[in-house]
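Residue numbers start from 1 in every chain, and the chains themselves are labelled A, B, ... in the order their sequence lines are given, proteins ahead of strands. Values below: all heavy atoms of this structure, side chains included; hydrogens, waters and symmetry mates excluded.
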Amino acid sequence: MHAQGKIMTGDTQARYQPQAVEPKWQNAWDAEGCFTARHDPARPKYYVLEMFPYPSGRIHMGHVRNYTMGDVVARYKKAKGFSVLHPMGWDAFGMPAENAAMQEGGHPAEWTYNNIAVMKGQMKPLGLSIAWSREFATCDVEYYGQQQALFLDMLAAGLVYRKNAVVNWDPVDMTVLANEQVIDGKGWRSGAEVERRELTQWFFKISDYSAELLDALDGLNDWPEKVRLMQRNWIGRSRGLQFAFSTVDAPEGFERIEVYTTRPDTLLGASFVAVSPDHPLARQLERHDSAVAAFVADCRRIGTTEEALEKTEKKGLDTGIRVRHPFDNAWELPVYIANFILMDYGTGAIFGCPAHDQRDFDFATRYNLPIPAVFVAEGAEEQPLGEAFVPPKTERVRYVRGFAGNEIQTGEDAVEAAVAFCETRGVGQGVTKFRLRDWGLSRQRYWGCPIPVVHCDTCGVVPEKKENLPIALPMDVSFDQPGNPLDRHPTWRDCACPKCGQPARRESVTMDTFVDSSWYFARFTAPRADTPTDAAEAEYWMNVDQYIGGIEHAILHLLYSRFFARAMHKTGHLPAKSIEPFNALFTQGMVTHEIYMTRDGRGRPVYHLPEEVEDGKLITTGEEVTIIPSAKMSKSKKNVVDPVNIIERFGADTARWFVLSDSPPERDVEWTSAGAEATFKHLARVWALSRRIADLPADAPADGDDDLMRAMHRAIDEVTRAIDSFAFNKAIAGLYSFTNTLNRAESASAGAQSRAARTLAQLMAPMVPHLAEEIWSMQGGAGLVTQAPWPKADPAMLVSDTITLPIQINGKRKGEITVPADAGKEAVEKAALSADAVIKALGGTAPKKVIVVPGRIVNVVV
RNA sequence: GCCCGAGUGGCGGAAUGGUAGACGCAGGGGAUUCAAAAUCCUCCGCCGUAAAAGGCGUGCGAGUUCGACUCUCGCCUCGGGCACCA
């Protein structure tokens with residue numbers, strides 16, 4: 001048939017030797033082309049995908065865990081008869097490559113491709129069932145060239161535009177910094193105070209899809225509820241009132257200030273108006289008023305993240321401007337510029353109702369503003385507040401300063417009544433707003449996909465022609481000075497305008513790496529096509545049936561991908577069925593590890609790898625390290641563990657089994673080096689058990705056969721259900737039990753034991769495929785276990801004649817009874833009442849109540 | 001600060017609202033062995049007892065229920081995300 005005969009004859013070793021066994025089977029799989037994804041219209045397809053890795057340089061346990069889980073699914077589905085697509089690629093653009101080039105010289109491309117080669121070399125020994133022929137890196141010009149074509153189509157479809165947005169600006173290095181490069185408000189390299197600076201930036205119009213992306217979450221039934229919730233909150237649909245205050249003593253052009261509020265029912269509790277430091281009014285005042293200028297400048301030092309903004313002490317500056325309350329011309333409110341108001345949300349201006357918003361309360365307290373209550377708890381009386389009173393909107397409260405709806409009503413009802421009231425009075429309009437902002441994709445960096453447009457003095461911003469794609473990154477660049485080398489490249493920047501042909505300049509910013517990862521799953525269906533996708537291939541392979549990755553991607557990556565799938569449908573690159581590209585999502589927990597830190601001369605943190613540390617001290621210098629509790633393994637914190645050592649010492653199957661056992665896949669797992677040895681011992685035991693069974697002399701069927709077969713069918717049932725529900729730790733627990741049973745099944749015939757061992761091999765194959773092949777071949781299984789169909793449990797073998805039921809007295813377990821499996825409620829109750837424990841507890845009296853849950857439990861209430 | 005999770009023996013963890021601790025690791029005791037490795041048997045939440053009986057136990061505090069690790073409310077601790085880390 002094939003190579004199997006040779007393998008059988010070589011298979012006379014006396015010990016489990018993964019180093020010899022694993023490459024042998026990997027070669028056999030390759031020779032058979034087991035993992036090539038075949039477009040086979042006759043068979044149902046299954047597309048399983050793990051989030052592709054960033055080529056940081058070495059694989060870590062998180063990767064091993066992630067890819068092993070995907071591999072279990074891929075191998076299992078293949079055994080179930082599906083045509084499986086299980087590809088792998090590299091999320092290869094990004095800052096670390098550029099940082100490496102700055103620190104160590106060399107080129108980001110060289111660094112990246114070297115890392116890919118190393119990591120691929122580390123992954124290969126794991127024996128993953130990956131269709132390597134489809135591999136690509138996002139920094140391959142073949143990939144990002146297609147991404148540029150996609151970008152042009154999206155631009156033409158009105159999904160891309162430019163506007164101003166703030167960035168972190170390092171005034172010393174004269175460069176834009178990523179949030180993680182800003183440490184305590186200072187540039188990580190220069191140490192200079194970072195400024196917020198406005199630049200014209202490219203944006204994707206994801207907000208066009210706010211409502212759809214939100215509503216479609218309801219249909220994603222095979223996504224974790226927590227992810228859908230996080231996305232719901234992130235998109236953040238709110239119903240509110242938009243209206244304008246008329247101003248007193250405001251500069252020309254600011255006769256009105258538009259505000260948006262989700263609580264118009266609290267309008268009579270207003271005590272101030274606050275605008276963002278980036279609000280046009282603040283900008284206007286800043287020009288002429290040094291106090292405002294100083295305050296606004298102070299605000300701009302906070303940084304660009306929402307987190308920084310929220311954690312900063314809430315401060316404001318009274319502008320001296322007043323607004324009139326829309327219900328009472330004589331009632332004037334002060335206008336503040338406040339550091340916690342976001343220009344990106346609503347209108348960049350709010351009215352503060354301190355009684356019912358904690359931030360407003362803190363603000364009012366600080367600036368001695370009134371705190372009038374609008375409503376009180378139902379049945380309570382108004383009294384001075386020590387903190388904001390913020391009940392859920394669904395709770396009924398009593399309005400003491402209401403103006404629309406009933407005196408007692410829920411917040412929700414009051415909001416609607418207030419909107420209706422204001423609309424009839426012409427005070428404003430009810431509007432629906434979203435928290436989701438458009439996706440800024442410009443990055444002032446080199447190592448990313450160039451944005452394929454040209455700046456022409458005559459024609460303005462002009463899209464590049466598709467026939468001129470790809471716009472490849474120039475290779476002759478240096479990183480010896482800060483800033484983007486594309487900006488100062490002598491020839492790359494100069495080009496002809498695609499419209500008028502006059503000399504023009506190429507756009508020098510590149511795309512956010514989230515763009516790269518927002519459509520790679522579609523590209524895997526036709527990785528070499530000369531268009532972004534191939535219609536027939538996308539039709540067959542899409543959608544991803546099972547997507548697996550870290551919970552840290554719950555919002556951004558997954559939301560952007562959902563948006564991109566819609567944009568790709570709109571531009572004709574994906575079928576309509578693919579606007580939700582991931583049918584099922586599984587978010588695995590992270591592999592965590594302690595972090596070891598020292599500080600350098602300037603007090604900045606320096607991190608150390610676990611292998612550089614022993615007994616809390618650096619091995620090299622003996623310096624004591626600070627141990628930070630376990631956190632997600634990350635290259636920048638250096639709390640990573642190298643799986644290569646484990647694989648070299650114990651083999652891939654040990655590493656695979658180890659990362660799947662014990663911890664449930666969705667939960668974080670703390671890496672400890674103890675345990676790998678124990679896993680190896682277990683696998684060696686299974687190997688030896690198989691060897692022993694294979695050497696048994698043939699005999700006649702025996703008494704123990706039925707028990708063993710029943711155990712085997714229970715194992716099939718248990719493991720199958722566990723894999724179907726992603727409970728790999730439970731599948732492994734079932735395999736342990738079955739192995740123990742088989743090991744003790746000496747009263748069963750050799751034939752039955754061998755049959756059980758073959759089934760054991762099949763059940764183990766998704767997790768430890770090499771060992772499974774070894775056992776399969778020892779037991780004379782036909783062909784490769786990798787290509788054998790999944791075993792089926794016989795339902796008749798799963799039921800037993802009698803069951804044991806626990807007996808509770810008042811909910812506490814006191815004994816048990818054994819009854820026929822088909823016993824009726826009355827019979828069970830009778831048996832329970834004659835149990836010793838029950839007779840003792842009743843002491844001759846009648847039970848108050850007897851609860852019989854068939855097949856489960858009996859509870860006697862006395 | 002806001003949004004989302006998680007918390008069970010010495011450790012990883014199991015348990016459709018129905019026997020808390022499956023399965024495994026570590027550990028104790030024993031068998032086998034000249035000895036070791038390997039293997040096998042056995043014990044293993046806490047208090048209590050000669051052994052039983054019994055009591056207490058799923059981060060903390062309330063609640064719903066015949067019955068709560070599981071559901072509700074309020075806390076604590078840890079983790080993820082917060083739009084330029086990927």
Side-chain angles (χ1 to χ4, degrees), chain A residues 51 53-54 56 91 93-96 165 167-168 176-182 201 206 224-227 229-234 236 304-312 314 340 344 358-359 435-445 512-514 516-517 550-557 559-560 587 589-590 592 629-632 634-636 661-664 666-670 672 674-675 677-679 681-682 684-685 688 727 729-730 732-737 740 743-744 804-816 848-851 853 855-861:
Chain A
M51 291 179 185
Y54 178 78
S56 56
D91 189 12
F93 275 135
M95 288 200 307
V167 294
N168 300 305
V176 176
L177 298 180
N179 285 332
E180 77 159 8
Q181 295 175 310
V182 181
Q201 308 257 61
I206 190 171
E225 184 52 39
K226 63 176 168 184
V227 173
L229 234 189
M230 280 190 263
Q231 293 213 357
R232 253 178 226 127
N233 291 337
W234 186 261
T304 56
T305 71
E306 194 177 318
E307 184 189 0
L309 212 60
E310 287 281 345
K311 281 185 176 166
T312 307
K314 312 289 179 282
F340 59 95
D344 291 315
Q358 191 58 42
R359 275 189 317 194
R435 202 185 79 99
L436 180 66
R437 310 201 291 259
D438 276 334
W439 171 9
L441 70 127
S442 300
R443 296 293 181 269
Q444 283 69 26
R445 278 186 271 280
D512 179 6
T513 56
F514 272 124
D516 312 335
S517 55
I551 185 66
E552 67 271 28
H553 296 293
I555 298 176
L556 293 180
H557 162 62
L559 189 61
Y560 290 158
T587 55
M590 285 170 297
T592 62
S630 277
K632 164 176 119 172
S634 88
K635 192 164 194 268
S636 61
S661 60
D662 295 347
S663 278
E666 68 277 11
R667 209 183 289 183
D668 289 355
V669 58
E670 163 88 24
T672 60
E677 184 125 9
T679 298
K681 276 187 196 171
H682 172 74
R685 266 195 298 269
N729 56 325
K730 283 187 253 172
I732 284 190
L735 288 170
Y736 269 114
S737 295
N740 288 340
N743 197 30
R744 288 170 206 177
T804 301
L805 289 182
I807 305 296
Q808 293 182 331
I809 307 289
N810 292 341
K812 295 238 171 209
R813 183 186 177 280
K814 294 290 176 180
E816 59 186 37
K848 278 191 192 146
K849 201 172 177 182
V850 180
I851 293 135
V853 183
R856 275 293 180 185
I857 204 166
V858 179
N859 188 15
V860 180
V861 185

Touch check for [X], heavy atoms < 4.0 angstrom, all strands: base, sugar-phosphate only, or nothing?
| X | answer |
| --- | --- |
| D344(A) | nothing |
| I851(A) | base |
| S517(A) | nothing |
| D438(A) | nothing |
| W439(A) | nothing |
| K681(A) | sugar-phosphate |
| T513(A) | sugar-phosphate |
| L436(A) | base |
| N179(A) | sugar-phosphate |
| R685(A) | sugar-phosphate |
| P664(A) | sugar-phosphate |
| Q181(A) | nothing |

Length of the line joining [X]:[atom1] and [N]:[atom2], which is rounded to integer Å:
| X | N | atom1 | atom2 | answer |
| --- | --- | --- | --- | --- |
| R437(A) | A83(B) | CZ | C1' | 5 Å |
| E677(A) | G27(B) | CD | P | 11 Å |
| E307(A) | C84(B) | CD | C1' | 14 Å |

Distance between the [atom1] atoms of [N] and [M], in whole angstroms?
| N | M | atom1 | value |
| --- | --- | --- | --- |
| G21(B) | G9(B) | P | 14 Å |
| C60(B) | A53(B) | P | 26 Å |
| G67(B) | U19(B) | P | 15 Å |

Measuring from atom CG of L309(A) to atom OG1 of T304(A), what distance do you get when rounded to the nearest 0.5 angstrom? 9.5 Å
Among [options], which is the nearest nucleotide to the side chain of [X]?
| X | options | value |
| --- | --- | --- |
| A678(A) | G1(B), C25(B), C66(B) | C25(B) |
| K226(A) | A14(B), G5(B), A20(B) | G5(B) |
| Y736(A) | G1(B), C85(B), G24(B) | G24(B) |
| E306(A) | G18(B), C84(B), A83(B) | A83(B) |
| K812(A) | C56(B), G80(B), A14(B) | C56(B) |

Please identify each residue that fulfils side-chain contact (heavy atoms from CB on, under 4.5 Å) with S517(A), with sequence neighbours left out. F52(A), D91(A), F514(A), Y520(A), H557(A)
Taking only side-chain N and O atoms of [X], does any of them lie within less than 4.0 angstrom of OP1 or OP2 on [N]?
| X | N | value |
| --- | --- | --- |
| R667(A) | G7(B) | yes |
| R744(A) | U39(B) | no |
| T305(A) | C82(B) | no |

Could one point to a donor on the side chain of E180(A) or the base of C84(B) with an acceptor on the other under 3.5 Å away? no
Structure string for RNA chain B in dot-bracket form, Watson-Crick and G-U at under 3.5 Å, | interchain: (((((((..(((.....[....))).(((((.......))))).(((......)))..(((((..]....))))))))))))....
With a 4.5 Å cut-off on side-chain heavy atoms, are V176(A) and Q201(A) touching? no
